[in-house]
Every structure is written in C-alpha cells, then in structure tokens.
Amino acid sequence: MTMTHTDVTAAGTTTAGLSEAAKATARAWIDEHMAELSAWHSEIFGYGEPAWREYRSVAWYVAKLREHGFEVEEGSAGMPTAFSATWSQGEGPALLTYAEYDAVPGNSQAPVTHQQPRDGSSRFAGGHTDPHSALGISTLAGVLATKHAMEQHGIPGTLRYTGEPAEKMHGSKVVHGLRGYYDDVDAIVSFHPFYMLPLCNTARWDTQCGAYYSKVYTFLCEEPETWQLGHGDSPIPASHSAARAPGANLALTQMYSASRAMQDAILPASGGWSLTDAILTDGQATADNLPARSARIQFSWRTPDIQMAEHILAALDRNAAAVATMAHCTVEETWVARSRPGRTNHVLSTALFEELSAVGAPSYGADAVQVAQEIQRSIGIEPMERPFLDEVEQLITPQDAEAKLREMMPAWQRNWTSDDYVEMTHYAPTVRFYVSRPALKADASTPYPAWTMNAMGGIPATIDPTIETAGKTIAGTFLRLLTSPDELAAAKAEFDERTAADPMPALLPTDFAAPIDLPWPER
C-alpha cells in the first residue's frame with residue numbers, strides 16, 4: 001500500500017508522527033556534532049582552493065563520506081575535483097543535495113578580525129568569499145543528520161550527494177546534468193549562504209536565477225613569419241630586426257577594449273545583465289622582441305533570459321574574429337558554461353520554508369557580537385550595540401521576498417542574478433533556499449571592505465549559526481519528503497507541468513567536457 005503522510009505504520013504511529021520524531025532526531029544529531037562540524041568547516045575554509053583546483057577539499061569530502069558509509073565515485077563526469085556519493089536504505093524516494101568548495105583568487109583572508117591573509121598564503125591567493133566552505137559543510141550536516149535519523153527510525157530511501165567544483169564559473173552542474181547524474185532523482189534541495197536582501201532566510205518563489213554563459217577566447221599567433229615578407233635591408237631573414245607580427249597580446253587587449261567599449265551597444269541598460277572578464281596567464285608573459293604566441297581571455301555574462309545571452313555571444317564572437325585578423329592570429333573558442341534560467345517549484349518552496357520556520361533564523365550570540373564589534377573597531381567604526389543587520393536574524397516568507405524583489409525589477413523580467421543550481425531545476429523538482437550569513441549594519445561614513453565579510457565567513461562564532469540552521473533545515477525537508485509521497489508527487493506534477501509549458505533543451509551537447517586543462521589559477 002502506498003502510504004500518505006497520515007497513514008498508520010506497522011508500529012502504530014502515523015507517518016506524520018514518524019516524520020516529526022525523525023526530524024527531532026536529526027536536529028539533535030546536529031546539536032551534538034556542532035563542534036565537529038565547526039572544525040570541519042575551518043579545515044575547508046583554510047584550504048581556499050580556486051575553481052578546478054580544489055584537490056585537498058575534494059579529497060577531504062570523499063574520505064569523510066566513505067567514513068560515514070557512502071559509496072563515492074571520484075572524478076565524476078570526467079572532472080577530477082568532482083564526486084558523486086550515494087547511500088541507500090531500502091526502496092524509497094531519492095533525494096539530492098550537494099557541496100561546493102571552490103574559492104576566489106585574490107581573496108585570502110584569515111579568520112581574524114583584521115585584514116590578514118591565511119597563514120602560508122599571500123593576499124592574492126584564493127579565499128572563500130560567499131563562503132562555499134559553509135555551503136558544503138551545511139549540506140553535509142543535513143545529509144549526515146538525515147542518514148542518522150533514517151537509520152534510527154527505519155525510514156527507507158536514497159540520499160545522493162554530489163561534489164560540485166568551479167561553481168564560480170558554473171563549471172560542474174551543467175556537466176553533471178548532461179551526464180545523467182541528476183536523473184532518477186525525486187527532489188533536489190539547493191542551498192546558499194546569503195545576505196542580499198530580500199532573499200535572506202527564505203526560499204525562492206517565482207523569480208529564479210537567470211542564464212549564464214562563459215567562454216574563453218584563445219588567440220594564437222602561429223605563423224608570425226608570414227606577417228610581412230621582403231624587407232630588402234638584410235641578406236637573410238632577420239626576424240629580430242624585421243617588423244614583427246602584432247601577435248596574441250594585441251588580439252587580447254583589443255578584444256578587451258572593443259568589447260568593453262561596445263558594451264552599451266550590445267543590449268539596453270536594463271534587466272540587470274552584466275559582463276565580466278578574466279585574463280588567463282598563458283604564453284604571453286615574456287617581454288622579448290618576438291610576438292606573443294598565445295593569449296587567453298574569459299568573458300562571463302549573466303542575463304535574465306537566453307535571448308539576451310545570445311545577443312552578447314554574437315557580439316563577442318564578432319569581436320574575436322575581427323581582432324584576430326587585425327593581430328595576425330587565429331582564435332579558438334572554448335565554452336566554460338552555458339546555463340539555462342531556473343524553474344521554480346512552489347510545492348517544494350512551501351515545504352522547505354515550513355521546515356526553515358520550524359528551525360528559526362540564525363541567532364548571533366555574545367561571542368559573535370564581540371567579533372563584529374572588533375571588526376568595526378579595526379576599520380574605524382564606533383562599535384554598535386547590535387552590529388548585525390536585523391534581517392539576518394529574521395525569516396521572510398517566499399511570497400513576501402518575491403514581492404519585494406519584484407519592486408526592483410521591470411515587469412518583463414522573469415529572472416534575476418545567476419547561479420548554476422539553475423541547471424538542476426531542469427532535471428528534477430528543485431527548491432533553492434537561503435540562510436543568512438553574517439552581515440553588518442552600514443555606517444554612514446565608512447564602507448566595509450570585502451575582507452570583513454570574508455573573515456566572518458571563517459570565524460566560528462559568526463558562521464556556525466548559518467551551518468546549524470541550514471543543516472537542520474535540509475534534514476527536516478529531506479525527512480519530510482521521505483515520509484510524504486503525496487507531497488513528492490505534487491512536486492513532480494508541478495515540475496512536469498512547468499516543463500511542458502516552457503521546454504528549454506540543454507544548451508551544450510551531451511558529450512560536453514569541462515575545460516579543466518585551461519590555465520586556471522592554481523592557488
């Protein structure tokens with residue numbers, strides 16, 4: 001017999017009662033293990049490894065998951081710093097969440113109340129800014145607490161947990177999706193620490209993240225000798241004295257300059273779209289009287305919809321072809337990511353927010369307040385009695401957050417900002433939720449430098465409340481769905497309906513390989 005949420009089990013309890021008892025068990029597990037979870041987070045925070053180079057971080061997760069009884073596939077979908085882990089207990093729903101652990105180059109910050117890089121690193125090394133360190137430990141806490149409660153209460157089902165490298169470049173989820181790692185999953189829970197109002201301590205409702213494209217243009221000057229022939233002032237070919245080919249560096253700088261200069265001509269200045277860039281160090285660093293043979297530039301753009309993303313792509317491709325010709329180069333194009341806008345799921349958003357409400361928003365105690373006041377003092381702000389934003393300790397319903405968000409957006413715009421969870425929403429019912437990370441009240445005269453928030457993301461007193469709240473919320477949501485087949489069926493029905501109404505096929509081929517061999521920063 002298929003049980004509903006109020007069916008009676010063989011032991012004589014309702015499934016609703018079983019769910020609540022299991023949630024209490026999971027919350028107690030997190031309470032009992034908070035010191036350990038905090039130490040785990042400090043370890044990942046201390047690694048600070050950038051995209052596609054998260055070697056120590058992924059090794060840590062793989063070892064920890066195997067220690068807790070998960071079967072783990074390392075290097076999933078051909079990505080060395082990815083993984084896919086599974087734990088099952090009988091026939092039942094399959095639920096998925098994931099870890100992220102990439103850091104951002106140039107943001108090394110020790111978990112202290114003044115500006116200081118982590119021990120053994122320069123300030124230009126990678127550091128956790130969002131922080132993905134807390135994202136991963138929060139979801140791991142939720143998964144392990146769920147597993148413990150399933151074992152204690154005999155709840156059948158499967159837990160899937162993926163390691164998602166290079167999130168800052170939308171690097172892995174599009175690849176995992178194309179390779180089938182999200183197939184046959186009944187629901188996905190996506191979490192991120194957050195502070196951007198109004199999406200703080202809530203779940204997304206209608207306005208999901210939009211499209212994200214990222215592409216590397218590699219300019220190659222492979223035949224510099226054919227640039228100009230016949231000089232007449234030397235009896236032999238003399239490349240060192242001849243007018244040399246412009247080369248790859250010129251192509252790169254012209255690509256950068258032209259694309260930036262033309263930005264206002266690509267799309268209207270509305271909808272919150274953005275274009276960012278990074279120059280990847282390759283063969284152009286030596287100053288010699290020979291043309292640079294290769295140079296690479298990455299452009300990434302975030303748009304509310306695919307049509308806008310394609311307009312930007314067409315402009316960048318035209319620019320690349322033009323500057324390559326100018327500089328006597330060829331151009332190679334490498335996709336990093338090409339993500340669709342996200343799909344919403346009201347059933348899952350409602351369910352998760354109810355579980356978040358049962359846990360409550362993070363609360364910052366005396367130790368956290370002292371940390372915040374020391375940071376304020378270190379940058380010349382008079383310490384505030386209540387230094388944290390009021391909203392980071394408050395819940396807001398998905399509907400109220402949606403209404404406030406829409407006040408800032410034009411009526412035609414359906415999506416806002418970007419994150420690669422959007423790809424998951426095209427494979428299974430998915431809920432995106434946020435728990436606040438510590439953020440300080442503004443001071444009228446002194447802005448907060450970026451290091452202050454990065455530091456609070458690593459200091460246990462300020463970041464542990466995020467981990468505890470998010471972990472308990474994930475566990476509560478998972479256990480609710482594992483014992484409520486009707487709710488899962490409703491989420492699936494909504495997913496099917498939305499997919500049929502607005503089909504969006506994948507934007508990359510199924511054999512797309514992650515560009516792991518490009519010269520990404522190593523630390």
Is there a side-chain contact between Gln298 and Ser300, using heavy atoms and a 4.5 Å cut-off? yes

More than 12 heavy atoms of other residues, nucleotides or ligands under 6.0 Å from CG of Asp400: yes or no? yes

Electrostatic pair Arg340:Glu423 at N-O distance under 4.0 angstrom: yes

If the threshold is 4.0 Å, N to carboxylate O, is there a salt bridge linking Arg343 and Glu494? no

How about His132 and Tyr101: are their ring centroids closer than 6.0 Å? no

Can you tell me if Asn415 uses its side chain to pair, donor with acceptor, with the backbone of Pro304 under 3.5 Å? yes

Results of side-chain contact (heavy atoms from CB on, under 4.5 Å) for Pro449 - residues two or more places apart only: Ile379, Trp451, Thr452

Would you mind telling me which of Lys23, Lys472, Arg27 makes a salt bridge (Lys or Arg N to Asp or Glu O under 4.0 Å) with Glu355? Lys23

So, Asp464 and Ser38: side-chain donor and acceptor under 3.5 Å apart, yes or no? yes

Check Glu407 with Lys404, please: is the shortest side-chain N to carboxylate O separation under 4.0 Å? no

By side-chain contact (heavy atoms from CB on, under 4.5 Å), which residues pair with Ser445, not counting sequence neighbours? Asp443

Residue pairs passing the ring-ring contact (aromatic ring centres under 6.0 Å, His included) test where at least one lies in residues 389-409, sequence neighbours excluded: none

Spell out, as yes or no, whether a donor-acceptor pair under 3.5 Å connects the side chain of Gln89 to the backbone of Met150. yes

Aromatic rings Trp87 and Phe70: how do their planes relate, parallel, tilted or perpendicular, breaks at 30° and 60°? tilted

Going by the rule salt bridge (charged side-chain N to carboxylate O under 4.0 Å, His left out), which residues pair with Asp277 if we only count those two or more places apart in sequence or in a different chain? Arg260

Decide whether Arg204 and Tyr434 meet the rule of one side-chain donor and one side-chain acceptor closer than 3.5 Å. yes

Less than 4.5 Å apart, side chain to side chain, heavy atoms only: is that true for Ser436 and Glu391? no

Phe299 and Thr276, any side-chain heavy atoms less than 4.5 Å apart: no

List, one per line, each side-chain donor-acceptor pair under 3.5 Å for residues 138-149, sequence neighbours excluded.
unit_1	atom_1	unit_2	atom_2	d
Ser138	OG	Ala134	O	2.7
Thr139	OG1	Tyr98	O	2.8
Thr139	OG1	Leu135	O	3.3
Thr139	OG1	Gly136	O	3.0
Thr139	OG1	Tyr161	OH	2.8
Thr146	OG1	Gly142	O	2.7
Lys147	NZ	His68	O	3.1
Lys147	NZ	Glu151	OE2	3.1

Beyond-backbone contact of Asp102 with Glu49, side-chain heavy atoms, under 4.5 angstrom: no

Going by the ring-ring contact (aromatic ring centres under 6.0 Å, His included) test, which pairs reach into residues 343-397, not counting sequence neighbours? Trp205-His346, Tyr364-Phe388

Might you confirm whether atom CZ of Arg123 has over 12 heavy atoms from other residues, nucleotides or ligands at distances under 6.0 Å? no

Determine whether Pro515 and Val336 make a side-chain contact, defined as any pair of heavy atoms from C-beta on separated by less than 4.5 Å. yes

Does any non-hydrogen side-chain atom of Leu159 lie less than 4.5 Å from one of Thr86? no

Could you label the plane-to-plane angle of the His33 and Trp29 rings as parallel, tilted or perpendicular, counting under 30° as parallel and over 60° as perpendicular? parallel

Report yes or no: do Tyr181 and Glu73 form a side-chain donor-acceptor pair below 3.5 Å? yes

